[in-house]
Amino acid sequence: MIEIRELTKYYGDAKGVGPLSFSIEKGQVVGLLGLNGAGKTTTLRMLASDLLPTSGTMTVDGVDLVEEPDRLRPKIGYLPDRPPLYDEMGVREYLEFAAKLRGVGSASRSKWVAEAIEQTALGDRADDEIGTLSHGYRQRVGIAQAIVHKPSLLLLDEPISGLDPVQIVEMRELVRSLRGEHTTVLSSHILSEISETCDQLVVIRDGEIVAAGSEAELTSQGEAGSHSV
C-alpha cells in the first residue's frame, strides 16, 4: 500500500527527517512514536503531500506521491495537529463544505457527510456551531473532515493530544472502528495512548527510525518505553 524509501527533508542545511524507509500494508493502523520534535509531523506532512521531500520516494498503491500528487490527494485524509476548523460554521455545514472541496459530487455529498457524522458519533452535535464544541468534539469534527471523502489513506497527527481519560478511550474506539476501511497512520509521543490502537509502531528519534514492530517486540528491545513521556 505505502512504500517509503530513503525519504529525507532538509530545511536549508538543517535536517528535518531522514533517511526514512518503511512500508505499510493496506488496512493497517501504524503509529509514529517519538518525542516532540522527533520528526513525526514532518513525516505526516510529506505523506499528505503538504510538504515536498528533499529526496527519496513515497508511493501509495504504486503511484509516486511526489511525481503525481494531484492524482493521490483525493485518496488522502489528513488531520493536522491543529484541525482546520471554522468556528462560525455548523458541523454539518462545515463537513458539506469540506466534502465539496475534496471533489465529492452533489449526488453523494449529503450521504457521505451523514456517514462521517455517524462514524464519528457527532449526531447530537451536527447542527451546533463548531466554536461551541469541547476539545474532544472538535477532534471528532477534525477526523470527520479527514474521512468525509472516503480516502484510502488516513493521516492523524496527535489525535489524542489534550483529551481527558474518557475521551482518550472514545478516540481509541473511533480509530479502531476505521481499521480496514482506511490505511491509517497516526502520531503520538505517548506509547500508552496509541499502543492499543496500532498494528505496528515506528519509533522516530532525531528524524530517523530507530525501531519498528509491534508493542511487544519494541518493549522486549527496550525501545518503546524510552520514547514515552
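Put simply, CD1 on Ile209 and CG on Leu20 are 5.0 Å apart, with the number rounded to the nearest 0.5 Å. Here OG1 of Thr120 is found 6.5 Å from CG of Leu174. Values are rounded to the nearest 0.5 Å. Here Ile117 contributes atom CD1 and Arg140 contributes atom CZ; the two are 13.0 Å apart, rounded to the nearest 0.5 Å. Atoms CG and CG, from Leu133 and Leu85 in turn, are 8.5 Å apart once rounded to the nearest 0.5 Å. The distance from the CG atom of Leu7 to the OG1 atom of Thr54 is 8.5 Å, given to the nearest 0.5 Å. Note that CG of Asp124 is 8.0 Å distant from CG of Asp128, once rounded to the nearest 0.5 Å.
By the criterion of side-chain heavy atoms lying less than 4.5 angstrom apart, applied directly or through intervening Ile, Leu, Val, Met, Phe, Trp or Tyr residues, Tyr10 is not grouped with Met46; the two fall into different hydrophobic clusters. Linking Ile, Leu, Val, Met, Phe, Trp and Tyr residues whenever their side-chain heavy atoms come within less than 4.5 Å places Val66 and Tyr11 in a single cluster. Side-chain heavy atoms closer than 4.5 Å link hydrophobic residues (I, L, V, M, F, W, Y) into clusters, and following such links, even through other members, never connects Ile147 to Ile130. In the hydrophobic cluster analysis, where Ile, Leu, Val, Met, Phe, Trp and Tyr join through side-chain heavy atoms closer than 4.5 angstrom, Val169 is grouped apart from Val29. Leu32 and Val60 fall within the same hydrophobic cluster, defined by Ile, Leu, Val, Met, Phe, Trp and Tyr side-chain heavy atoms under 4.5 Å apart, directly or through other members.
Contact between Gly136 and Leu163 at its shortest, heavy atoms only, is CA-CD2, 3.7 Å. Listed here is the closest heavy atom pair of Ala146 and Leu154: CB-CD1, 3.7 Å. Between Ala144 and Ala116 the shortest heavy-atom distance is O-CB, 4.0 Å. Nearest heavy atom pair, residue Asp199 against residue Gly27, reads OD2-O, 4.4 Å. For the pair Asp87 and Glu129, the tightest heavy-atom approach, listed with the atom from each and the gap, is O-CB, 3.9 Å. Residue Lys9 comes nearest to Pro53 through the heavy atom pair CD-CA, 4.2 Å, listed as atom of the first residue, atom of the second, then distance.
For Gln28 (side chain) and Glu25 (main-chain N/O), a donor-acceptor pair under 3.5 Å exists by modelled atom type. No donor-acceptor pair closer than 3.5 Å links the side chain of Thr42 to the backbone N or O of Gly39. Without hydrogens or angle criteria, Gln145 side chain to Tyr78 main chain gives a donor-acceptor distance under 3.5 Å. A donor-acceptor pair under 3.5 Å links the side-chain atoms of His182 to the main chain of Pro151, judged by distance alone. Between the side chain of Glu93 and the backbone N or O of Gly90 there is at least one donor-acceptor pair closer than 3.5 Å. The main-chain N or O of Ile76 is found under 3.5 Å from a side-chain atom of His149 such that the two form a donor-acceptor pair. The closest donor-acceptor contact from the side chain of His135 to the backbone of Ser161 lies under 3.5 Å.
Contact check on Glu68 versus Arg73 returns no salt bridge, with no Lys/Arg side-chain nitrogen under 4.0 Å from an Asp/Glu carboxylate oxygen. For Asp64 and Arg71, the salt-bridge test fails: no basic side-chain N is under 4.0 Å from an acidic carboxylate O. Between Lys100 and Glu96 no salt bridge is recorded (no basic side-chain N to carboxylate O distance below 4.0 Å). The pair Asp157-Lys40 does not meet the salt-bridge criterion, since no charged nitrogen lies less than 4.0 angstrom from a carboxylate oxygen. A salt bridge is defined here as a Lys NZ or Arg NE, NH1 or NH2 lying under 4.0 Å from an Asp or Glu carboxylate O, and Arg172 with Glu170 fails to meet this definition.
No more than 12 heavy atoms of other residues, nucleotides or ligands sit less than 6.0 Å from atom CG of Asp206.
Considering only heavy atoms from C-beta on, Glu158 comes within 4.5 Å of Ser188 through its side chain. The shortest distance between side-chain heavy atoms of Arg5 and Glu3 falls below 4.5 Å. At least one side-chain heavy atom of Leu156 sits under 4.5 Å from a side-chain heavy atom of Ile143. The closest side-chain heavy-atom distance from Ile2 to Met58 is not below 4.5 Å. A 4.5 Å side-chain heavy-atom check between Pro83 and Gln139 finds at least one atom pair inside the cut-off. Side-chain contact between Ile4 and Ser23 is absent, with no heavy atoms from C-beta onward closer than 4.5 Å. Using a 4.5 Å cut-off on side-chain heavy atoms (C-beta onward), Arg109 and Leu95 make no contact. Residues Leu44 and Val185 form a side-chain contact, since some pair of their non-hydrogen atoms from C-beta on lies under 4.5 Å apart.
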**Request:** Carefully, step by step, assess Asp164 and Gln167 under the rule side chain to side chain contact (heavy atoms under 4.5 Å, CB included).
**Result:** CA-CA 5 Å; Asp164 63 37; Gln167 292 170 332; 3.2 Å; yes
**Request:** List the steps and the verdict of side chain to side chain contact (heavy atoms under 4.5 Å, CB included) for Leu155 and Leu79.
**Result:** CA-CA 6 Å; Leu155 307 170; Leu79 172 69; over 6 Å; no
**Request:** Apply the test salt bridge (Lys or Arg N to Asp or Glu O under 4.0 Å) to residues Arg45 and Asp81: give CA-CA distance (whole Å), side-chain angles for both, the deciding distance (0.1 Å), then the verdict.
**Result:** CA-CA 10 Å; Arg45 287 186 63 195; Asp81 56 348; over 6 Å; no
**Request:** Decide side chain to side chain contact (heavy atoms under 4.5 Å, CB included) for Leu191 and Leu33; before the verdict, give the C-alpha distance in whole Å, the side-chain angles of both, and the deciding distance to 0.1 Å.
**Result:** CA-CA 7 Å; Leu191 172 65; Leu33 179 66; 3.9 Å; yes
**Prompt:** For Ser55 and Thr8, what are the C-alpha separation, side-chain angles and deciding distance, and is it a side chain to side chain donor-acceptor pair (under 3.5 Å)?
**Reply:** CA-CA 5 Å; Ser55 63; Thr8 65; 2.5 Å; yes
**Message:** Applying side chain to side chain contact (heavy atoms under 4.5 Å, CB included) to Val148 and Tyr94, what does each step give before you reach the verdict?
**Reply:** CA-CA 11 Å; Val148 70; Tyr94 168 71; over 6 Å; no
